[in-house]
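Encoded as structure tokens, the structure appears first; notes follow it.
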Amino acid sequence: MAEWPPTLTDLKRDMGSAFEDDGGQDDARLTQVLDASVAFVERVRPDVNFTGDLGSDLEDPSPDLVLGTLRLAGRWHTRRRSPDALIQMAELGASRVPAFDPDIERLLQIGRHQKWVCG
């Protein structure tokens, strides 16, 4: 079972050394997006045993679910710098930031990559 929920240290490590060595300058913002991404994943994946109940029939959080949560938090942190969904690239002009990331959706098994439900 992967450790749930991921910690701020895990997020900083996943985002790279610039965040690990920043002396805590971005900790409040990173904590906010990490808490939001954990809450989001727990809401959209009710089929996972996030509480660690031993008698539960639900699957435990997998390493890819934890990684997807960290990547989602990192994406939300980065996206705050482009609220209009555009990035300026000097002489290349502006580029559009996609609204979703298929790799994160695959890791979290949401969106198009959601498990089929028959009912």
Side-chain angles (χ1 to χ4, degrees):
M1 178 175 142
E3 183 181 332
W4 187 263
T7 64
L8 180 60
T9 305
D10 296 334
L11 179 58
K12 286 181 165 187
R13 189 177 304 120
D14 188 63
M15 292 180 74
S17 61
F19 288 97
E20 288 185 85
D21 302 331
D22 73 350
Q25 296 172 10
D26 288 323
D27 284 1
R29 264 192 306 253
L30 290 173
T31 299
Q32 182 181 26
V33 294
L34 180 60
D35 290 347
S37 66
V38 166
F40 174 78
V41 170
E42 287 178 352
R43 187 175 68 247
V44 299
R45 291 295 309 274
D47 60 325
V48 177
N49 179 18
F50 292 110
T51 58
D53 292 337
L54 296 177
S56 176
D57 291 335
L58 301 175
E59 65 184 55
D60 290 332
S62 60
D64 56 339
L65 186 75
V66 173
L67 179 61
T69 304
L70 292 171
R71 296 286 162 89
L72 181 63
R75 180 172 175 76
W76 286 350
H77 177 74
T78 303
R79 182 137 175 134
R80 70 179 169 72
R81 294 181 291 187
S82 60
D84 56 355
L86 294 173
I87 291 181
Q88 294 297 327
M89 297 188 303
E91 64 273 352
L92 297 176
S95 177
R96 187 171 187 284
V97 179
F100 64 94
D101 187 333
D103 291 335
I104 292 174
E105 287 189 352
R106 274 189 207 100
L107 288 168
L108 297 176
Q109 294 180 354
I110 61 174
R112 296 182 326 181
H113 306 283
Q114 189 172 354
K115 293 180 182 177
W116 285 79
V117 177
C118 184

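Looking only at distances, no side-chain donor or acceptor of D53 sits under 3.5 Å from a matching main-chain atom of G55.
Residues passing the side-chain hydrogen bond (donor to acceptor under 3.5 Å, both in side chains) test with E105: none are found, sequence neighbours excluded. Taking the side-chain hydrogen bond (donor to acceptor under 3.5 Å, both in side chains) definition, one finds that D57 meets it with nothing, sequence neighbours left out. Residues passing the side-chain hydrogen bond (donor to acceptor under 3.5 Å, both in side chains) test with E59, sequence neighbours excluded: K115. For the side chain to side chain contact (heavy atoms under 4.5 Å, CB included) test, residues two or more places apart in sequence or in another chain that qualify with L58 are N49, S56. Applying the side chain to side chain contact (heavy atoms under 4.5 Å, CB included) test to T7 and every residue at least two apart in sequence or in another chain returns E3, T9, D10. The side-chain hydrogen bond (donor to acceptor under 3.5 Å, both in side chains) test applied to D35 returns no partner, not counting sequence neighbours.
Annotation: side chain to side chain donor-acceptor pair (under 3.5 Å) contacts involving residues 63-73, sequence neighbours excluded, comprise D14-R71, S62-D64.
For the atom pair F50 CZ and R43 CZ, the distance stands at 11.5 Å (nearest 0.5 Å). One finds the CD atom of Q32 at 13.0 Å from the CG atom of D27 (value rounded to the nearest 0.5 Å). Here CD1 of I110 is found 4.5 Å from CZ of F40. Values are rounded to the nearest 0.5 Å. The NZ atom of K12 sits 11.5 Å away from atom CG of L34, with the distance rounded to the nearest 0.5 Å. The CZ atom of R112 sits 7.0 Å away from atom CZ of R106, with the distance rounded to the nearest 0.5 Å. Rounding to the nearest 0.5 angstrom, the gap separating the CD atom in Q109 from the CZ atom in R45 is 4.5 Å.
Considering all non-hydrogen atoms of both residues, G74 and L11 come closest at N-CD1, 4.0 Å. Nearest heavy atom pair, residue L70 against residue P6, reads CD2-CB, 3.5 Å. The two residues S37 and L72 have their closest heavy-atom pair at CB-CD2, 4.0 Å.
The other members of the hydrophobic cluster of L67, by chain and number, are L107 (side-chain heavy atoms under 4.5 Å, ILVMFWY only).
Put simply, the side chain of V44 does not reach to within 4.5 Å of the side chain of L108, judged on heavy atoms.
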Item to check | Test log, rule side-chain contact (heavy atoms from CB on, under 4.5 Å), inputs M15 and L30 | outcome: CA-CA 10 Å; M15 292 180 74; L30 290 173; 3.7 Å; yes
Checklist entry - Can D60 and W4 be said to form a side-chain contact (heavy atoms from CB on, under 4.5 Å), step by step? => result CA-CA 9 Å; D60 290 332; W4 187 263; over 6 Å; no
